[in-house]
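What follows is a short report on a single structure.
Every heavy atom of this structure was used, including side-chain atoms; hydrogens, water molecules and symmetry mates were not.
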Amino acid sequence: MMEIVGPRLYSCCNCRNQVALHDDVISKSFQGRNGRAFLFSHAMNVMVGPKEDRQLMTGLHTVADVYCRDCREVLGWKYERAYEETQKYKEGKFILEKSKIVKENW
């Protein structure tokens, strides 16, 4: 009997709400507030908070915190605007902290 395996996912560490697809990982070498973080092209089942300017390691960015839609855990942030030309590729992308997400279907 063949087992059907769905896509590899990342879920909220708190409630297991599915928040991102492994196929949407752009980079695993980012730094979050609490350690290592992944850059994703998309996120799902999340809420985006108010925008604010934040000085990050790579310069000034307008970001918005990203929360799990089910349990309201802060998972990371969304890049809304990058002020430096070399950082523009991050606009519209999501940072999810490794400590806040767990692998599913691996």
(request) With rounding to the nearest 0.5 Å, note down the distance linking CG in Asp70 to CE in Met47. (result) 9.5 Å
(request) Determine, stepwise, if the pair Arg33 / Val74 fulfils side-chain contact (heavy atoms from CB on, under 4.5 Å). (result) CA-CA 11 Å; Arg33 287 189 197 106; Val74 177; 3.7 Å; yes
(request) For a salt bridge (charged side-chain N to carboxylate O under 4.0 Å, His left out) with Asp65, tell me which candidate from Arg72, Arg54, Lys100 qualifies. (result) Arg54
(request) Give the C-alpha distance, both sets of side-chain angles, the deciding distance and a yes or no for side-chain contact (heavy atoms from CB on, under 4.5 Å) between Glu80 and Asp53. (result) CA-CA 9 Å; Glu80 298 287 352; Asp53 285 343; over 6 Å; no
(message) Whether the side chain of Arg36 engages the backbone of Lys28 through a donor-acceptor N/O pair (distance < 3.5 Å, no angle test) should be reported.
(response) yes
(message) Could you check whether any side-chain N or O of Glu104 sits under 3.5 Å from a backbone N or O of Gln18, counting only pairs where one atom can act as donor and the other as acceptor?
(response) no
(message) Please determine whether side chain to side chain donor-acceptor pair (under 3.5 Å) holds for the pair Arg69 and Asn45, giving the CA-CA distance in whole Å, both sets of side-chain angles, and the decisive distance to 0.1 Å.
(response) CA-CA 5 Å; Arg69 191 174 65 196; Asn45 300 320; 2.8 Å; yes
(request) Spell out, as yes or no, whether a donor-acceptor pair under 3.5 Å connects the side chain of Lys103 to the backbone of Leu9. (result) no
(request) Evaluate the side chain to side chain donor-acceptor pair (under 3.5 Å) criterion for residues Tyr83 and Thr62: first the C-alpha distance (whole Å), next the side-chain angles of each, then the deciding distance (0.1 Å), finally the verdict. (result) CA-CA 8 Å; Tyr83 290 91; Thr62 302; 3.0 Å; yes
(message) Whether the side chain of His61 engages the backbone of Gly59 through a donor-acceptor N/O pair (distance < 3.5 Å, no angle test) should be reported.
(response) yes
(request) Determine whether the aromatic ring centres of Phe94 and Phe38 lie less than 6.0 Å apart. (result) no
(message) Once rounded to the nearest 0.5 Å, what's the spacing between atom CD1 of Ile26 and atom NZ of Lys90?
(response) 11.0 Å
(request) Taking the side chain as every heavy atom from C-beta outward, state whether Ile101 and Glu73 have any pair of such atoms under 4.5 Å apart. (result) no
(request) Quick one: closest heavy-atom pair of Ala37 and Ile95, and the distance? (result) CB-CG2, 3.7 Å
(message) Which label fits His22 and Tyr10: parallel for a plane angle under 30°, tilted from 30 to 60°, or perpendicular past 60°?
(response) tilted
